[in-house]
Number of protein chains: 2
Amino acid sequence: MQPTGTSEPHRLRSTPSWLLTQTAAHAGRLVSAALDRHHARGYHYRLLAALDDTGPASQADLGRHSGIDRSDIVSTLNDLADRHLVRRDPDPDDRRRNLVSITTAGRRELTHLQQALDTAQEALLAPLDTAQRHELVRLLGILLTHHKAPKG
Amino acid sequence: MQPTGTSEPHRLRSTPSWLLTQTAAHAGRLVSAALDRHHARGYHYRLLAALDDTGPASQADLGRHSGIDRSDIVSTLNDLADRHLVRRDPDPDDRRRNLVSITTAGRRELTHLQQALDTAQEALLAPLDTAQRHELVRLLGILLTHHKAPKG
DNA sequence: GGTGATACGTTGGTCGGGCCAACATTGGTG
DNA sequence: CACCAATGTTGGCCCGACCAACGTATCACC
C-alpha cells in the first residue's frame with residue numbers, strides 16, 4: 001500500500017481517536033440505514049431497549065440508563081408515544097415523575113429493530129473472526145467502563 | 001455484571017456498534033476539549049495533518065485524503081486561511097483547482113495541536129497496556145480498511 | 001474542433017447525536 | 001417552614017457528516 005493517491009495520512013491512521021471516530025462513523029451509517037428502514041433512529045432503539053431491560057421507569061432513569069439527555073428523552077418519547085410503542089403515565093408515588101412503559105406493539109417493534117441491528121453488526125464486523133470480535137468488544141468495554149467511572 | 005443501579009442495558013453493552021459509538025463519543029470529548037484550548041476543531045487538525053502529510057494539494061484531494069466533504073473543506077480552509085495557517089493559490093496547471101499549502105505558522109500550530117492530541121490519546125487509552133493498545137488499533141484498522149474499500 | 005461528460009470550488013442547506021440553561025412543579029430535609 | 005434537589009419540558013447550541021445545485025474549467029471522444 002504505497003502512498004497511491006487517496007489513502008489517509010499515516011498520521012491519522014495511527015491515531016486511536018481517529019480510528020475510533022471513523023469506525024464509529026461507518027458503524028453509524030450501517031446502523032442508521034438499518035433503523036431507517038423501520039423509520040426509526042438510534043434514540044428510538046436505545047430507549048425501547050432500555051425500557052425493555054429495566055421495565056417501566058421514569059424518564060430521568062431512562063436517560064441515565066441509555067446515556068441520553070433528559071431533554072432528548074422527551075422528544076424521542078413523544079415520537080414513540082405517537083406511534084403507541086410506549087405509554088407515559090403519571091407516577092402515583094411521585095407526581096414529578098412519568099412512569100414510562102413499553103407496549104406490546106413497542107416490544108414487537110423492538111424485536112424488528114433488534115433483528116435489523118444484528119444484521120448491521122454482522123456487516124460491521126465482517127472482516128473479523130470470532131476471537132477478534134470478542135477482543136474488540138472486550139477492549140472497548142474496558143475503555144467505556146474506565147471513562148464512565150472516573151471517580152474510581 | 002448485575003443490574004447494579006445505573007449501568008447500560010446489557011443489550012447495548014454487548015452491541016459492537018454501541019460500544020464503538022460510545023467510546024468514540026468519549027474520545028471525541030477528550031479530543032474536542034484538547035483542541036478547544038487551541039481554538040481549533042477536529043476538521044482544522046485533520047486538514048493541517050493531511051496537508052502536512054501530502055504537501056500542497058487541491059481541496060478535492062485534501063477532502064479525499066482526510067475524509068472530509070468538499071463543501072466542509074471550504075469553510076474549514078477559510079478559517080485556517082484567515083489565521084494564516086494555510087495558503088490558497090490558484091493551480092497554474094489546472095485552473096479549476098486551488099493549490100493549498102501549509103504555512104510555517106500552520107506547521108507550528110499543527111505541532112501544538114499534535115501535542116495536545118497525543119495527551120488526549122494517552123488519557124483515552126489509559127486503562128490499556130501497550131499490547132492492548134496495539135491490538136485495538138490493529139482491529140480498528142482492519143474494520144476501517146474493509147469498510148472503505150468494499151470493492152475488494 | 002466541437003460537444004458531452006467529468007471534475008472542481010462554492011453556496012446553502014439537512015440531519016443526528018450530544019449537550020446546556022432555564023423554569024415550574026414536586027419531593028425531601030434541615 | 002425554608003431550602004435544596006430532582007423531574008419533565010422548552011428552546012436553544014455545536015460538531016461532524018452529508019447532499020443538491022451551480023458556474024467554471026478540463027478532458028475524452030468523435
Side-chain angles (χ1 to χ4, degrees), chain A residues 5-6 12 17-18 20-36 39-47 57-79 81 86 88-100 147-148, chain B residues 6 12 17-18 20-36 39-47 57-64 66-79 81 86 88-100 147-148:
Chain A
T6 312
L12 290 180
S17 65
W18 155 271
L20 266 173
T21 50
Q22 289 304 301
T23 323
H26 282 287
R29 278 186 283 269
L30 288 171
V31 166
S32 287
L35 293 180
D36 207 56
H39 314 99
R41 292 168 302 147
Y43 277 11
H44 295 140
Y45 167 76
R46 282 209 231 165
L47 232 47
S58 75
Q59 300 184 187
D61 282 343
L62 282 177
R64 284 182 281 263
H65 217 74
S66 57
I68 302 180
D69 191 87
R70 295 214 304 278
S71 60
D72 298 318
I73 296 273
V74 177
S75 59
T76 308
L77 234 39
N78 287 343
D79 294 347
V86 127
R88 222 184 324 209
D89 307 298
D91 184 338
D93 296 351
D94 186 340
R95 303 214 315 269
R96 290 173 303 179
R97 289 182 163 91
N98 287 336
L99 246 181
V100 183
H147 288 287
K148 103 173 317 213
Chain B
T6 308
L12 290 181
S17 65
W18 155 272
L20 267 173
T21 50
Q22 288 306 299
T23 324
H26 281 287
R29 278 185 284 268
L30 289 171
V31 166
S32 287
L35 293 179
D36 207 57
H39 314 99
R41 291 168 304 147
Y43 277 10
H44 295 139
Y45 167 76
R46 281 210 231 166
L47 232 46
S58 76
Q59 300 185 187
D61 281 344
L62 282 178
R64 283 183 283 263
S66 58
I68 303 179
D69 190 86
R70 297 213 301 280
S71 61
D72 298 318
I73 296 274
V74 177
S75 59
T76 308
L77 234 38
N78 288 343
D79 294 347
V86 126
R88 219 179 334 203
D89 307 299
D91 184 339
D93 295 351
D94 187 338
R95 303 214 313 269
R96 290 173 304 181
R97 289 182 164 91
N98 287 337
L99 246 182
V100 184
H147 287 289
K148 100 172 319 211

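Atom set for the values below is all heavy atoms of this structure, side chains included, hydrogens, waters and symmetry mates excluded. In what follows, chains are A, B, ... by sequence order, proteins preceding strands, each numbered from 1. Bear in mind the structure is a predicted one, so any value in this text is a computation, not a measurement.
The residue among B:L99 and B:D69 whose nearest nucleotide of DNA chain C lies closer to the 5′ end is B:L99. Along DNA chain D, the nucleotide nearest to B:G42 and the one nearest to B:R70 differ in position, and the one closer to the 5' end is contacted by B:G42.
In this structure, A:R46 atom CZ and C:dG16 atom C1' are separated by 10 Å, rounded to whole Å. In this structure, B:D91 places its CG atom 11 Å from C1' of C:dC8, rounding to the nearest Å. Here C:dT11 presents its C1' atom at 15 Å from CG of B:L77, a figure rounded to the nearest Å. Computed from coordinates, the B:D79 CG to D:dC14 C1' distance equals 14 Å when rounded to whole Å. In this entry the distance linking NE2 of A:H44 with P of C:dC15 reads 14 Å, nearest Å. Atom CG of B:D61 and atom P of C:dT6 are 19 Å apart (whole Å). For the pair A:L20 CG and D:dA17 P, the interatomic distance rounds to 13 Å; values are reported in whole Å. One interatomic measurement links the two molecules: CG of B:L47 to P of D:dC15, which rounds to 16 Å at whole-angstrom precision.
Heavy-atom minimum distance, B:D61 versus B:A57: CB-CB, 4.3 Å. Taking each heavy atom of A:P90 and A:N98 in turn, the nearest pair found is CA-OD1, 4.3 Å. The heavy-atom pair separating A:L20 from B:A24 by the smallest distance is O-CB, 3.8 Å. Closest of all the heavy-atom pairs between B:L47 and B:S66 is CD1-OG, 3.7 Å.
The side chain of A:R41 lies closest to C:dG16 when the candidates are C:dG16, C:dG9, D:dT9.
Legend: residues meeting side-chain hydrogen bond (donor to acceptor under 3.5 Å, both in side chains) with B:H26, ordered by chain and number and at least two apart, are B:R29. Scanning for side chain to side chain contact (heavy atoms under 4.5 Å, CB included) contacts around A:D72 gives A:Y43, A:I68, A:D69, with sequence neighbours left out. When the side chain to side chain contact (heavy atoms under 4.5 Å, CB included) test is applied to B:Q22, the partners found at least two apart in sequence or on another chain are A:R46, A:L144, B:W18. In terms of the side-chain hydrogen bond (donor to acceptor under 3.5 Å, both in side chains) criterion, residue partners of B:R97 (sequence neighbours excluded) are, by chain and number, B:D94.
Remark: A:R64 is not in phosphate contact with D:dA6, judged by side-chain N or O atoms under 4.0 Å from OP1 or OP2. Distances shorter than 4.0 Å separate none of the side-chain N or O atoms of A:Q59 from OP1 or OP2 on D:dA6. Contact annotation: B:R97 does not reach the phosphate of C:dT10 (side-chain N/O to OP1 or OP2, under 4.0 Å). Contact annotation: A:N98 reaches the phosphate of D:dT9 (side-chain N/O to OP1 or OP2, under 4.0 Å).
Among the heavy atoms of the strands lying under 4.0 Å from B:S58 are primed sugar atoms or P, OP1, OP2 only; no base atom is included.
In the interface, the side chain of B:D72 is paired with the base of D:dC18 through a donor and an acceptor atom under 3.5 Å apart. Contact of B:S71 with C:dG12 (side chain to base): a donor-acceptor pair of N or O atoms is detected under 3.5 Å.
Between A:D79 and A:H44, some side-chain heavy-atom pair lies under the 4.5 Å cut-off.
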Nucleotide by nucleotide, 5' to 3', does protein get under 4.0 Å of the base (B), only the sugar-phosphate (S), or neither (-) in nucleotides 25-30 of chain C, counting heavy atoms?
BBS---
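Scanning residues 27-35 of chain A for heavy-atom distances under 4.0 Å to DNA chain C yields an empty list.
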Quick one: do A:R88 and A:N78 satisfy side-chain contact (heavy atoms from CB on, under 4.5 Å)? Show the steps, please.
CA-CA 9 Å; A:R88 222 184 324 209; A:N78 287 343; 2.3 Å; yes
